[in-house]
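As the structure is a computational prediction, the values presented were derived from the model and not from experiment. Throughout, a chain's letter reflects where its sequence line sits, starting with A, and its residues are numbered from 1.
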Protein chains: 2
Amino acid sequence: MEIIELLKSNSLRVTNHRLAVLTYIHQATSALSHSDLESNFKGEIDRVSLYRIINAFIEKNLIKKIIDAEGQKNYIFNAKHNQKEDVNIQPHYKCKTCNDIIELPELPETYLEKIKGLNIDHINVLAEGVCDVCKEEDKK
Amino acid sequence: MEIIELLKSNSLRVTNHRLAVLTYIHQATSALSHSDLESNFKGEIDRVSLYRIINAFIEKNLIKKIIDAEGQKNYIFNAKHNQKEDVNIQPHYKCKTCNDIIELPELPETYLEKIKGLNIDHINVLAEGVCDVCKEEDKK
DNA sequence: ATCGCATTTGCAACAATGTTGCATAAATAA
DNA sequence: TTATTTATGCAACATTGTTGCAAATGCGAT
């Protein structure tokens, strides 16, 4: 199983909890909020352990944290976890209704050129609105 | 005093607390974190009142909220508070050491064109790193 | 100026979110 | 299989944000 390999290759011990959480995030079609995770594993994984598991994954670059306009933390599986070298600049779009988070095209080079004089570790770009699907739902 | 006018024209009662907080945010050279505000007004303004004052300012568009990569809330005076019509897309740069937040150039039209198919209420763009001044300080 | 009403404030209590220390349990290396 | 290291659960605590309500204040009308 590749999730197991992922943990091993990042020198994280393979525990049931870590397997369950990483598999869950991996299979999700969009980003999961912290409360999504907490409610999903309620009664199964201790709240504190969940925090520690998530933080471990973040540190190893296995998942990415996206903070929305309300300050809520959302987590998404990082398919490019092995490319640690490049700055994290992936823009995202989050639907305020269904909470789906999808990737947007990257910022144009012309823009990055403009701001390259600054020392930049990462750039967060998050657009928010109500997606077409949810807008249709609202009409009903 | 223009701060008083600002409050009045936004149908907010002119209280000592509101005057103090808005003046403080207005005079600041960069964004202030919530804890900056809380410690500055400690013993003077109740914690709860401060939350309500800040929220009132946000609602009236007098200040802008910027959430950084750690989920910390930062507030900056909104010089363009009267132009409520346009989508909030002002990019910012935050120094992780001195916490200064400055404005970056706007995203190019070419990029906005690319994503205009989505329903977008606002776009948060926040670059983070250590500014030149702080990098110099570190060397010493 | 002052009266009366609406809004703001402070306080207490609570809810949500996140952290730390430590004993126990589980995973890996030997 | 044992020894060692790491992960987990629990309790306690810290931080951040919210709600209800009584008292104080701001402001328009007299």
Subject >> Residue pairs involving residues 52-79 of chain B (criterion ring-ring contact (aromatic ring centres under 6.0 Å, His included); sequence neighbours excluded) >> reply: B:His26-B:Phe77
**OP:** Mind telling me whether A:His34 and A:Tyr51 have parallel, tilted or perpendicular rings, with 30° and 60° as the class edges?
**Re:** parallel
Original post:
DNA chain D: A:Ser49 or B:Tyr51, which has the more 5' nearest nucleotide?
Top reply: A:Ser49
Original post:
Taking CD from A:Gln72 and C1' from C:dG18, how many angstroms apart are they, rounded to a whole number?
Top reply: 13 Å
Original post:
Remaining members of B:Ile66's ILVMFWY cluster at a side-chain heavy-atom cut-off under 4.5 Å?
Top reply: B:Ile76, B:Ile101, B:Leu126
Subject >> Atom-pair distance (NZ on B:Lys42; C1' on C:dG10), nearest Å >> reply: 16 Å
Subject >> Nucleotide C:dA15, atom P - distance to NE2 of A:His34 in whole Å >> reply: 19 Å
Subject >> Hydrophobic cluster (4.5 angstrom, side-chain heavy atoms) - remaining members for B:Ile67 >> reply: A:Ile67
Original post:
When clusters are formed from ILVMFWY side-chain contacts under 4.5 Å, directly or step by step, what else is grouped with A:Val133?
Top reply: none
Original post:
With respect to the side chain of B:His17, which nucleotide from C:dG10, C:dT19, C:dG18 is positioned closest?
Top reply: C:dG10
Side-chain donor-acceptor pairs under 3.5 Å in residues 104-111 of chain B, sequence neighbours left out?
residue: B:Tyr111; atom: OH; partner: A:Pro105; partner atom: O; Å: 2.7

Original post:
Nearest-Å distance, CG (B:Asp46) to C1' (C:dT7)?
Top reply: 16 Å
Subject >> Whole-Å gap separating C1' (C:dT17) and CD1 (A:Ile54) >> reply: 12 Å
Can you list, pair by pair, the side-chain donor-acceptor contacts under 3.5 Å of residues 11-20 of chain A, counting residues two or more places apart and other chains?
residue: A:Thr15; atom: OG1; partner: A:Arg18; partner atom: N; Å: 3.2
residue: A:Arg18; atom: NH1; partner: A:Arg13; partner atom: O; Å: 3.1

Original post:
Using the C1' atoms of the five pairs at each end, what is the angle between the end axes of the helix from C:dA1-D:dT30 to C:dA30-D:dT1, to 10°?
Top reply: 40°
Subject >> Contact interval (first through last nucleotide) of DNA chain D with protein chain A, 4.0 Å heavy-atom >> reply: D:dT5 to D:dA11
**OP:** Using whole Å, report how far CG of A:Asp36 lies from P of C:dT17.
**Re:** 12 Å
Original post:
If you link I, L, V, M, F, W and Y whenever their side-chain heavy atoms are under 4.5 Å apart, who else ends up in the same group as A:Val48?
Top reply: none
Subject >> Sugar-phosphate, base or nothing in reach of A:Glu44, heavy atoms under 4.0 Å >> reply: sugar-phosphate
Original post:
Residues two or more places apart in sequence or in another chain: which of them pass salt bridge (charged side-chain N to carboxylate O under 4.0 Å, His left out) with A:Lys114?
Top reply: none
**OP:** Examine A:Leu7 and A:Ile58 and state if one hydrophobic cluster contains both, with Ile, Leu, Val, Met, Phe, Trp and Tyr joined whenever side-chain heavy atoms are less than 4.5 Å apart.
**Re:** yes
**OP:** Would you kindly compare B:Arg47 and B:Ser11 by the position of their nearest DNA chain C nucleotide and give the one closer to the 5′ end?
**Re:** B:Ser11
**OP:** Indicate for each nucleotide in nucleotides 22-30 of chain C, in 5' to 3' sequence, whether protein heavy atoms under 4.0 Å reach the base (B), only the sugar-phosphate (S), or nothing (-).
**Re:** ----BBS--
Original post:
Taking only residues two or more places apart in sequence, or in another chain, which ones meet B:Lys94 in a salt bridge (charged side-chain N to carboxylate O under 4.0 Å, His left out)?
Top reply: B:Asp68
